[in-house]
Amino acid sequence: MMPEPENCPGVQSANAGLGSACQGCPNQKICSDPNKKLEDPGKALVAAAMKDVSNKLLILSGKGGVGKSTVTMLLSRYMARSYNDKNFGVLDIDICGPSQPRLMGVEGENVHQSGSGWSPVGVDDNICLMSIGFLLGSPDDAIIWRGPKKNGMIRQFLSEVDWGHLDLLLLDTPPGTSDEHLSVVSYLRDENQPNSLKAIIVTTPQEVSLLDVRKEINFCKKQNIEIVGVVENMSLFRCGHCGNTSEIFPAKTGGARAMCEEMQVPFLGSLPLDPELTKACDKGEDITSVSNATTQALEEICKNIAKIL
Amino acid sequence: MLDKVKHVILVLSGKGGVGKSTVSTQLALALREAGLKVGLLDIDLCGPSVPYLLGLEGRDIYQCDEGWVPIYTDDSKSLAVMSIGFLLKNRNDPVIWRGPKKTMMIKQFLTDVKWDELDYLIIDTPPGTSDEHITVMECMREVRCDGAIIVTTPQGVALDDVRKEITFCKKTGIAILGIVENMSGFVCPHCTNCTNIFSSEGGVELAKMSGVPHLGTVPIDPRVSVLNGTTRSVLTELPDSGTAATFKQLVEKITA
């Protein structure tokens, strides 16, 4: 694929096809013609492939390492257990750092190609997963791709995976507000059913995380994506030896709850920092059947999210 | 590009939230304690953390004949900082850019900032192996880049991504100075028992497995995060902490 020219004004711009960088670009004619409103042909393919996927939920955070993938895994497993008549799918669009195969305990599985496309990997009776992790030869393989190639891959994950009938597709994203986020939103936004695409935001209590998360909330507002709410992860640590709790990532500015008030988005709940959970994540074990502080908090959060089903 | 800069060090990790920015800022402050002139460039465009961590939020960048003047933390001008955070009108504004625009910005940070004479330029990066990394790697071919410090936590799920970053460095010819293992155990302030919240020794094992040096282990220490928002170094504020010991060692290894 040709790289986009530097300084590309973007196809939506009034300057599309007219800027200095457009001279010599193979797409100049298409961009500068006002009658041809450019519609990515991929969008129609995605819409056709996803026609039986009723709801899509983006799991976002401006900040990395706050637990987007862990929260995605916990939500999908907990909801799949609570609503066993419904089908759930998980799509990992973190192309450079896919974590879902390990968290879901299906590392090393293969994706099979069938007549109707790639078959996602079954995690449980009613959860299936697709991730670029399944397509890599070794865990050391690096995906050294610029934006356009990542976008192509995301488009394929949406249009060429045989998702079948799903009640909810959870999309685990990389941190930031860049190519992956713009692409997935433009492919999944359905003007006829604007409510089918929503987002939840994950953060930790510290200001350094909230700082990036506020940017992500403003990204959603600019893109007109409804935010179901914010999940605060790694809130309190309970020492396994003495039972006392400590704030490892101190909420100097009031944590997620205060930020939610300030940004006027719903607060869904807090998940504790639980060494048992981090261990389970590394091993890919399902802890949602155990009753502890994490699953109790999860129950409250899932109740709110299940309303969109 | 960066003609008067003697050494360039990249701080990388495949994984987000492992402490790249904390390591970058504390390394810059520690090098400054050693009497060196240091620059710190934050190329995380969608999630810049350096202005917050150094308490420089709200400062404005000025233009001079030779380009943008970086922000100096004090009058001694021994630490120069540049981040997209200084260019945003509001700290909550998102930077919604695709790759080519990010590439342009990073090139500008390297060519149009008046870095002046520096002993070390530390470059703090976003997670991943994509546009920002490819651009900075290409630019590093034209300058004296010492190599990369890789930051990880001991968890398997972080190590998975960090292995990919090591492959990136090997494939693109960036020397790896070594691995720093961060968030490696938390000592309960109530009972002084140590819990390995995010597992332990993962960074050490990864260093062995991939044949790169292990540069040190940094524990989870809430006293260090209290330094956020200031330009105080762990070396002077918490000289007896494990974190200070690791950064002292790190500076010795780098400047040796």
Side-chain angles (χ1 to χ4, degrees), chain A residues 3-8 62-66 69 95-97 99 102-103 139-148 150 174-179 181-182 204 206-209 211-212 214-219 222 237 239-242 244 246-250 263 273 275 278-279 281-283, chain B residues 14-18 21-22 44-49 52-53 91-104 126-131 133-134 153 155-158 160-161 163-168 171-172 186 188-191 193 195-199 210 220 222 225-226 228-229:
Chain A
E4 277 177 55
E6 280 173 14
N7 278 333
C8 171
K63 183 88 189 128
V66 294
S69 301
I95 305 292
C96 295
S99 305
R102 180 191 273 264
L103 297 188
D140 286 313
D141 282 0
I143 299 281
I144 308 173
W145 289 354
R146 287 190 181 269
K150 292 193 288 190
T177 49
S178 189
D179 282 284
H181 312 83
L182 286 167
T204 57
Q206 317 118 284
E207 180 57 27
V208 70
S209 165
L211 182 63
D212 293 350
R214 288 193 195 95
K215 294 182 201 293
E216 199 76 32
I217 292 174
N218 281 329
F219 168 84
K222 282 195 173 178
F237 168 71
C239 177
H241 301 282
C242 66
N244 284 311
S246 316
E247 270 190 312
I248 291 187
F249 301 109
M263 302 290 292
L273 183 51
T278 58
K279 236 180 266 168
C281 283
D282 274 357
K283 292 186 187 151
Chain B
K15 184 88 188 131
V18 294
S21 299
T22 303
D44 190 340
L45 303 178
C46 295
S49 305
Y52 169 76
L53 289 178
R91 74 200 289 260
N92 298 345
D93 282 351
V95 173
I96 309 174
W97 289 355
R98 288 189 182 268
K101 257 184 125 165
K102 292 196 284 192
T103 297
M104 282 290 289
T129 51
S130 191
D131 286 281
H133 312 83
I134 299 172
T153 63
Q155 260 174 308
V157 67
D160 280 348
D161 293 351
R163 287 165 75 174
K164 298 180 197 309
E165 201 74 30
I166 292 174
T167 307
F168 171 82
K171 272 198 173 170
T172 56
F186 173 69
C188 175
H190 306 286
C191 68
N193 270 306
T195 307
N196 293 314
I197 301 181
F198 301 111
S199 173
S210 47
I220 299 175
S225 32
V226 172
N228 288 352

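Naming convention: chains lettered A, B, ... in sequence-line order (proteins, then strands); numbering from 1 in each chain.
- At least one side-chain heavy atom of D161(B) sits under 4.5 Å from a side-chain heavy atom of S99(A).
- L53(B) touches chain A through its side chain: at least one heavy atom from C-beta onward sits under 4.5 Å away, while N, CA, C and O do not.
- Using a 4.5 Å heavy-atom threshold, the side chains of S246(A) and F186(B) count as touching.
- S49(B) places no side-chain N or O within donor-acceptor distance of the main-chain N or O of V208(A), the cut-off being under 3.5 Å.
- Between chain B and the residues M263(A), K283(A), E207(A), K63(A), the largest count of heavy-atom pairs under 4.5 Å involves E207(A).
- When atom types are taken as modelled, the side chain of N92(B) and the backbone of N218(A) share no donor-acceptor pair closer than 3.5 angstrom.
- Formation of a donor-acceptor pair under 3.5 Å by the K164(B) side chain with backbone atoms of P139(A) is found in this model.
- A pairwise comparison of heavy atoms in P48(B) and K215(A) identifies CD-CE, 3.8 Å as the closest pair.
- The parts of L182(A) that come within reach of chain B are both its backbone and its side chain, each placing non-hydrogen atoms under 4.5 angstrom from that chain.
- In this structure, chain B has a heavy atom under 4.5 Å from the side chain of C239(A), while its backbone stays farther away.
- Listed for the D282(A) side chain is a donor-acceptor partner under 3.5 Å among the backbone atoms of V157(B).
- Using a 4.5 Å heavy-atom threshold, the side chains of Q206(A) and N228(B) count as separate.
- For chain B, the nearby parts of D140(A) are the backbone and the side chain; heavy atoms of each come within less than 4.5 Å.
- Between P126(B) and P175(A), every side-chain heavy-atom pair lies at or beyond the 4.5 Å cut-off.
- In this structure the side chain of K150(A) reaches within 4.5 angstrom of the side chain of S130(B), judged on heavy atoms.
- Proximity to chain B (any heavy atom under 4.5 Å) is restricted, for L103(A), to the side chain, taken from C-beta onward.
- The aromatic rings of F198(B) and F249(A) sit tilted, their planes meeting at an angle between 30° and 60°.
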